[in-house]
Each structure stands twice: as structure tokens, then as C-alpha cells.
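In what follows, every heavy atom counts, from backbone to side chain, and hydrogens, waters and symmetry copies are set aside. In listed order, ligands and their atoms are each counted from 1.
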Amino acid sequence: MAFVVTGNCEGCRFTDCVAVCPVECFHADEKMLYIDPDECIDCGACVPECPVEAIYDEAELPEELERWKGINAQRAVGLPVITETGSPLPAADARKKELGF
Ligand code: SF4
Ligand code: SF4
């Protein structure tokens, strides 16, 4: 079992989540973050930190977001680990409003 980052993170990338993660399981590309399911210890600490509710326990993923489980597993491998909160992407605030947060 692991936690999964879903599409709300795209274009946002506030990275509040990585600061609380006790292990190094967040990986980043230019758009968003992904959780390595082999590293995630299922603590759930990242979930309340995300301002756009992008992170789910894989056991509670809504059906329409199921595909993100495989995407996280595939993308996390090979992308750099991110462990420190960085600057959000330039359009992050607009994206957050668009998503209704
Ligand atoms: S806090 Fe949420 S939106 Fe920001 S990087 Fe983490 S998962 Fe993505
Ligand atoms: S559930 Fe815990 S270990 Fe997994 S990504 Fe979130 S903070 Fe990291």
C-alpha cells in the first residue's frame, strides 16, 4: 500500500508535502510530484499538507483517479528525489483557485 499524487498537483507543485515526509519518496518532474510506492511508509502525514487535496491513500482512490496509481509507480522511478519545499510554479495560485481551493 502507498499514497498517490493525483492530477490536482499538475501545474501547482507547492511542495508543502515533501517537508513532512519522513522518507525520501517524493520525485518531481517539471509539472508535478509522484510518490514512489516502494519507499512510502503509509504514514499519511503528507495528505493534510496539500492545499489542493492531490494526495490519496491508494485504498481510497476514487475510480476516476485510479490511473494515477500506475503513473506514480512508473514516473517516480528515474526522476530526482525532492525533499525540501521549493517555490511553487508561477501559475500555482491561479491553478489552486481554478480547482476551487
Ligand atoms: S502539496 Fe500537493 S500540490 Fe503541492 S506538490 Fe505536494 S502533492 Fe503537489
Ligand atoms: S504517506 Fe508518509 S511516507 Fe508516504 S508520501 Fe506521504 S508523508 Fe511520505
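Within a 6.0 Å radius of CD in E84, no more than 12 heavy atoms belonging to other residues, nucleotides or ligands are found. Annotation for E98: atom CD counts as buried by contact number, over 12 foreign heavy atoms lying within 6.0 Å.
Atom 2 (Fe) of ligand 1 has no N, O or S atom of C9 under 2.8 Å away, backbone or side chain. Between atom 8 (Fe) of ligand 2 and C21 there is an N/O/S contact shorter than 2.8 Å.
The closest donor-acceptor contact from the side chain of T15 to the backbone of G86 lies under 3.5 Å. In this structure a side-chain-to-backbone donor-acceptor pair under 3.5 Å is present from D29 to M32. A donor-acceptor distance shorter than 3.5 angstrom exists from the side chain of T6 to the backbone of A54, with no hydrogens or angles considered. No donor-acceptor distance shorter than 3.5 angstrom exists from the side chain of N72 to the backbone of Y34, with no hydrogens or angles considered. The closest donor-acceptor contact from the side chain of D36 to the backbone of C25 lies at 3.5 Å or more, if one exists at all.
Residue I55 touches ligand 1 through its side chain alone, judged by heavy-atom distances below 4.0 Å. Only the side chain of C25 comes within contact range of ligand 2, with a heavy atom under 4.0 Å; no backbone atom does.
Atoms of ligand 2 lying under 4.0 Å from at least one heavy atom of C46, given by number and element, are 1 (S), 5 (S), 6 (Fe), 7 (S). Those atoms of ligand 2 that come under 4.0 Å of a heavy atom in G44, given as number and element, are 1 (S), 2 (Fe). Which parts of ligand 1 touch C50 is read off a 4.0 Å heavy-atom cut-off, strictly below it: atoms 1 (S), 2 (Fe), 3 (S), 7 (S). Of all atoms in ligand 2, listed by their number and element, those nearer than 4.0 Å to a heavy atom of V23 are 3 (S). Using a 4.0 Å cut-off to heavy atoms of F26, the atoms of ligand 2 that qualify are 5 (S). Per-residue contacts place P51 under 4.0 angstrom from the following atoms of ligand 1 (heavy atoms of the residue considered): 1 (S). Atoms of ligand 1 found under 4.0 Å from any heavy atom of V52, numbered from 1 in the order shown, are 3 (S).
Atom CZ of R95 sits about 14.0 Å away from atom NZ of K97, to the nearest 0.5 Å. Summarising the geometry, atom CZ belonging to R75 is positioned 11.5 Å from atom NE2 belonging to H27; distances are rounded to the nearest 0.5 Å.
Nearest to atom 6 (Fe) of ligand 1 among the protein's heavy atoms is C17 SG, 2.3 Å. Looking at atom 2 (Fe) of ligand 2, its nearest protein heavy atom turns out to be C43 SG, 2.3 Å. Ranking protein heavy atoms by distance to atom 5 (S) of ligand 1, first place goes to T15 N, 3.2 Å. Protein heavy atom in closest approach to atom 4 (Fe) of ligand 1: F14 N, 3.0 Å.
Comparing heavy-atom distances from atom 3 (S) of ligand 2 across V18, I41, L33 singles out I41 as nearest.
Residues P51 and F101 form no side-chain contact, since every pair of their non-hydrogen atoms from C-beta on lies 4.5 Å or further apart.
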